[in-house]
Amino acid sequence: EIRTPLSLIGMFAETLETGRVTSEDKKQEYYSIISKETSRLSRIVNRILNFSQLEPSKKRFSFEPIQLNDLYRTIQETYFHHLQDKGFTLKFEPSEDLGLIQGDREAISEAIINLLDNAVKYSHDKKHITVKTGRDFNFRYIEVTDEGIGIAKKHHSEIFEQFFRAPAGDIHTTKGSGLGLTLVKKIMEAHHGQVTVESSPGKGSTFRLKFPVLKEESHAI
């Protein structure tokens, strides 16, 4: 997955450097491709680095009270244009009586962005994503639902394993490292939470991140 953006960046940079491209429109197109592939490469490298840091005793989390709706709205502000560029519509359905969880803001953001990235990767014609927050007993959750290719039930536990990619359907036409969901699982374990999936082939997927509620909040329930 790292090779592809590197090759594209090198190819288009070399083409521009030789001066063979004289059209300003073409130059802008090539600059845009280089920029997008650089961003893509950065995301891949960051994912690998974050994954390596989550090995035992390497990652230090900074826990603080977090309101999931506020955290997601911050993510949406920066991620929304990326989804628009890909032709997606996005709907947010917040639960207003959510309370607080205890978590690492950066790590939880990384987990949510991974789920959004997957929703984009594995959706084809039906480009719609719904994000929802809510209560589940003494847990608070945020979930991401897509209308993509879906995952067979027999692979629901395997998809969280390191480097695993489901062997069926159109998944092999989609680039991926097989690290994203493993990273999400490790982040949730560090938060004493859970990640669950509901999915079937051709009917999309829903990934839910469940966080224990703050002790003060649970006493008030």
Q: Within the 4.5 Å heavy-atom criterion, are Phe92 and Gln76 side-chain neighbours or not?
A: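 A side-chain contact under 4.5 Å exists here.
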Q: Can you list the residues that meet the side-chain hydrogen bond (donor to acceptor under 3.5 Å, both in side chains) rule with Lys26, with sequence neighbours excluded?
A: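 Testing Lys26 for side-chain hydrogen bond (donor to acceptor under 3.5 Å, both in side chains), a comparison that skips the adjacent residues, returns Glu29.
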Q: Does the side chain of Asp70 come within less than 4.5 Å of Arg73's, by heavy atoms?
A: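 Side chain of Arg73 against side chain of Asp70, heavy atoms only: contact under 4.5 Å found.
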Q: Taking the basic N atoms (NZ, or NE/NH1/NH2) and the acidic carboxylate oxygens, is any pair closer than 4.0 Å for Asp97 and Arg135?
A: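 Arg135 and Asp97: salt-bridged.
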Q: Indicate whether the side chain of Asp117 and that of Tyr79 have a donor and an acceptor atom separated by less than 3.5 Å.
A: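 Yes, a side-chain donor-acceptor pair sits under 3.5 Å.
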Q: What's the spacing between Tyr72 OH and Ile113 CD1 if we round to 0.5 Å?
A: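 Tyr72 atom OH to Ile113 atom CD1 measures 10.5 Å (nearest 0.5 Å).
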Q: Decide whether Tyr141 and Val197 are clustered together by the hydrophobic rule: side chain heavy atoms of Ile, Leu, Val, Met, Phe, Trp, Tyr closer than 4.5 Å, transitively.
A: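 They do not share one cluster, since no chain of ILVMFWY contacts under 4.5 Å joins Tyr141 to Val197.
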Q: Taking Leu115 as the fixed residue, which of Val131, Val144, Val120 is the one that meets the side chain to side chain contact (heavy atoms under 4.5 Å, CB included) rule?
A: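 So, applying the side chain to side chain contact (heavy atoms under 4.5 Å, CB included) to Leu115 and each of Val131, Val144, Val120, only Val144 qualifies.
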Q: Do the side chain of Asp146 and the main chain of Gly204 share a donor and acceptor less than 3.5 angstrom apart?
A: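 Here the side-chain-to-backbone pair does not exist.
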Q: Without swapping roles, check the side chain of His124 against the backbone of Gly148 for a donor-acceptor pair under 3.5 Å.
A: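 Between the backbone of Gly148 and the side chain of His124 there is no qualifying donor-acceptor contact (under 3.5 Å).
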Q: For a side chain to side chain contact (heavy atoms under 4.5 Å, CB included) check, start with the C-alpha distance between Leu181 and Asn118, then their side-chain angles and the critical distance, and finish with the verdict.
A: CA-CA 9 Å; Leu181 288 176; Asn118 272 5; 3.5 Å; yes
Q: Measure across Ile129 and Ala119 and return the closest heavy-atom pair with its distance rounded to 0.1 Å.
A: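 Ile129 and Ala119 have their closest heavy atoms at CD1-CB, 3.6 Å.
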Q: Would you be so kind as to tabulate the donor-acceptor pairs closer than 3.5 Å made by side chains of residues 5-12, with sequence neighbours excluded?
A:
unit_1 : atom_1 : unit_2 : atom_2 : d
Ser7   : OG     : Arg3   : O      : 2.9

Q: Hey, does the side chain of Ser42 reach the backbone of Thr38 with a donor-acceptor pair shorter than 3.5 angstrom?
A: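 Such a contact is found between Ser42 side chain and Thr38 backbone.
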Q: Is it the case that the side chain of Arg140 and the backbone of Val213 share a donor-acceptor pair, with hydrogens and angles ignored and the cut-off at 3.5 Å?
A: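 Not at all, since once roles are kept as given, no pair shorter than 3.5 Å links the two residues.
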Q: Provide the closest heavy-atom pair for Phe61 versus Ala107 in the form atom of the first, atom of the second, distance.
A: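 Looking at all heavy atoms of both residues, the shortest contact is CE2-CB, 3.6 Å.
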Q: Would a 4.5 Å heavy-atom cut-off, applied to side chains only, mark Leu209 and Met188 as touching?
A: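 Result yes, sub-4.5 Å side-chain heavy-atom pair found.
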Q: Let me confirm one number: the CG-CD1 distance from Leu16 to Ile34, rounded to the nearest 0.5 Å.
A: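 If I round to the nearest 0.5 Å, the distance is 5.0 Å.
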Q: What distance do Ser32 atom OG and Lys27 atom NZ have between them, rounded to the nearest 0.5 Å?
A: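 NZ of Lys27 is found 16.0 Å from OG of Ser32.
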Q: Give me the atom names and distance for the closest heavy-atom approach of Ser205 to Gly150.
A: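 Ser205 and Gly150 have their closest heavy atoms at OG-CA, 3.7 Å.
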Q: For residues 9-20, which residue pairs pass the side chain to side chain donor-acceptor pair (under 3.5 Å) check, not counting sequence neighbours?
A: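 Side chain to side chain donor-acceptor pair (under 3.5 Å) check on residues 9-20 returns Thr18-Arg20.
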Q: Any heavy-atom pair between the side chains of Pro201 and Ile149 that's under 4.5 Å?
A: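 Ile149 vs Pro201: side chains apart.
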Q: Under 6.0 Å from the CD atom of Glu198, do we count more than 12 heavy atoms belonging to anything else shown?
A: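 Check fails, neighbour count at 12 or below.
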Q: Could you tell me whether the side chain of Lys127 and the main chain of Lys86 form a donor-acceptor pair under 3.5 Å?
A: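 Between the backbone of Lys86 and the side chain of Lys127 there is a qualifying donor-acceptor contact (under 3.5 Å).
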Q: Could you check whether any side-chain N or O of Ser95 sits under 3.5 Å from a backbone N or O of Gly134, counting only pairs where one atom can act as donor and the other as acceptor?
A: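 Checking the backbone N and O of Gly134 against the side chain of Ser95, no donor-acceptor pair under 3.5 Å is found.
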Q: Roughly how far, to the nearest 0.5 Å, is the NZ atom of Lys210 from the CD1 atom of Ile142?
A: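 Separation between the atoms: 15.0 Å.
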Q: Would you mind reporting whether Lys186 and Leu183 have side-chain heavy atoms less than 4.5 Å apart?
A: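 A side-chain contact is absent here, since even the closest heavy-atom pair is not under 4.5 Å.
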Q: Is the centre of the His192 ring less than 6.0 Å from the centre of the Phe211 ring?
A: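 His192 vs Phe211: aromatic centres not under 6.0 Å.
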Q: What are the two closest non-hydrogen atoms of Gln102 and His191, and how far apart are they?
A: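 Scanning both residues completely, I find the closest heavy atoms to be O-CD2, 3.8 Å.
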Q: Taking it one step at a time, do Ser200 and Ile151 satisfy side chain to side chain contact (heavy atoms under 4.5 Å, CB included)?
A: CA-CA 5 Å; Ser200 58; Ile151 307 157; over 6 Å; no
Q: With rounding to the nearest 0.5 angstrom, report the CZ to CD1 distance, Arg105 to Ile66.
A: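 Answer rounded to 0.5 Å: 5.0 Å.
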Q: NZ of Lys153: more than 12 outside heavy atoms within 6.0 angstrom?
A: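 Result for NZ/Lys153: open.
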Q: Side chains of Glu147 and Ser123: closer than 4.5 Å at any heavy-atom pair?
A: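 No, side chains not in contact.
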Q: Given 3.5 Å as the limit, does a donor-acceptor pair link the side chain of Asp136 with the main chain of Phe139, or not?
A: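 No, Asp136 side chain to Phe139 backbone: no donor-acceptor pair under 3.5 Å.
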Q: Without swapping roles, check the side chain of Asn69 against the backbone of Pro94 for a donor-acceptor pair under 3.5 Å.
A: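 Such a contact is absent between Asn69 side chain and Pro94 backbone.
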Q: Distance only, no hydrogens: is a donor on one side chain within 3.5 Å (strictly under) of an acceptor on the other, for Thr206 and Thr145?
A: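 Side-chain D/A pair, Thr206 to Thr145: present.
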Q: Out of curiosity, Ile187 CD1 to Asp104 CG, how far, rounded to the nearest 0.5 Å?
A: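 If we round to the nearest 0.5 Å, Ile187:CD1 and Asp104:CG are 8.5 Å apart.
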Q: Report the C-alpha separation of Phe207 and Ile159 in whole Å, then their side-chain angles, then the decisive distance to 0.1 Å, and conclude whether the side chain to side chain contact (heavy atoms under 4.5 Å, CB included) test is met.
A: CA-CA 12 Å; Phe207 285 88; Ile159 57 174; 3.8 Å; yes
Q: Find out whether Leu90 and Thr130 are in side-chain contact, i.e. whether some heavy atom of one side chain is under 4.5 Å from a heavy atom of the other.
A: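 Not in contact.
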